[in-house]
Amino acid sequence: MQLDKKIKSIIDKRTSLHLAKLHLVHLKERIVDGHKEKKRLEKILKKEYEDVLKLERLNIGKLFLHILGDKEEQLEIERQEYLQAVLVHKEWLKELKLMQYEKDLLEKQVKSLPAVEKEYTYLLELREQEVLHKVGRNKMQIRTINKQIDDTIELKREIHEAKIVGIKIKRKLEKMIGFLERASNLGDWEYGIYLQIREGQKMVQKAQTVFYKLKPLLFDFKTELEDIYKHRNIRLHDGVDIMEEMANMYYDNLISDWIIHRGIKNALTNIKLLQDRLLRTMQSLQQEEKRANKNMIYLSSRKKALILDGID
């Protein structure tokens, strides 16, 4: 029961600090707005002061007396407006000072949040071990959730590794497309001049060099995705095998007919299709990662509720 009391106490402290942190965020926003308002009031104050000075220096001729009225009367009005601007400005400075003081206090208070979170996590772990070593209704549920959390962590790791390989493939495909487009844009090689043909061959050779580095990455990408398929009920785009087919078609085009301009265009088309398939697979991985993150949040929340069950 002593542990339950400690947990209840730390929950209260943690809730209070999180509320303070939230209030601090809003307060900082108010202070930023407050400084903008301060600048606006200072402009008004300056204008009202200048209005008073202008009127004090003004010699009103007979022509304007019937329009402006009595100079002293106008001057009194301007002085009242200036005085009002001074008072509003002073009040706002006080408000800003109070907000800054409150901000400093909250920042000192919130500094203890990491330590409180650490203690909270430690107490929850103690509570979890206590529940798991007792005969109770939550014991098996917590164990099941722990298994699901481990599986989700493994899934996230697999997705992360697949994404890393996918990014490497994407960069190499972009390089290849750049080289092949330059080769393709040189015109029809059958009727081109010698230097044009040599430049085209050079671009194709560069694309080939990148392709040889790309092939093992495609194999790694397939392996990473198979790990995800094998252990999880996930339906990604069935593009991995098609990627290999496209890569082989690209290679066949350049080996059998690589000097012909048409062969370059066909190869370029295949690489662009391969790039499109990769991007769609990467988007699927991104969505799956989001689902895994949401599932992790839900499982952690559910586990916490089971651990804290019975603590009033």
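Values reported hereafter were calculated over all heavy atoms of this structure, with side chains retained and with hydrogens, waters and symmetry mates removed.
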Could you see if [X] belongs to whatever hydrophobic cluster contains [Y]? Use Ile, Leu, Val, Met, Phe, Trp, Tyr and a side-chain cutoff under 4.5 Å.
X	Y	value
V210	I167	yes
L96	V88	yes
L22	L105	no
Y298	L308	yes
Y120	Y122	yes

One pair to check against side chain to side chain contact (heavy atoms under 4.5 Å, CB included): K206 and K175. What are the steps and the verdict? CA-CA 9 Å; K206 285 186 176 182; K175 279 187 179 181; over 6 Å; no
Go through the steps to decide whether H23 and L19 satisfy the test side chain to side chain contact (heavy atoms under 4.5 Å, CB included), and finish with yes or no. CA-CA 6 Å; H23 183 52; L19 289 173; over 6 Å; no
Can you find a pair of side-chain heavy atoms, one from [X] and one from [Y], that are under 4.5 Å apart?
X	Y	answer
M282	F221	yes
K272	E181	yes
H18	E117	yes
D276	L273	no
R40	K43	no
K97	L93	no

As an exercise, state the distance from [atom1] of [X] to [atom2] of [Y], rounded to the nearest 0.5 Å.
X	Y	atom1	atom2	answer
I145	L306	CD1	CG	5.0 Å
M99	L27	CE	CG	7.0 Å
S284	Q286	OG	CD	10.5 Å
K170	L278	NZ	CG	8.5 Å
L155	H160	CG	NE2	13.0 Å
L87	Y82	CG	OH	10.5 Å

Would you say that more than 12 heavy atoms from the other residues, nucleotides or ligands in this model lie under 6.0 Å from the CZ of R171, or not? no
Minimum heavy-atom separation for [X] and [Y], please, with both atom names.
X	Y	value
T152	A292	CG2-O, 3.5 Å
L225	A162	CD2-CB, 4.2 Å
V110	L17	CG2-O, 4.3 Å
L217	K168	CD1-CB, 3.9 Å
Q275	L173	CA-CD1, 3.7 Å
Q109	S16	NE2-OG, 4.2 Å

Is the closest basic N to carboxylate O distance between [X] and [Y] below 4.0 Å?
X	Y	result
E37	R30	no
K47	D51	yes
K38	E42	yes
E107	K111	no
K163	E289	yes
K108	D104	no

Start with the C-alpha distance between L180 and I177, add both sets of side-chain angles, then the distance that settles side chain to side chain contact (heavy atoms under 4.5 Å, CB included), and finish with yes or no. CA-CA 5 Å; L180 291 173; I177 288 170; 6.0 Å; no
Do H89 and Q84 have side-chain N/O donor and acceptor atoms under 3.5 Å apart? no
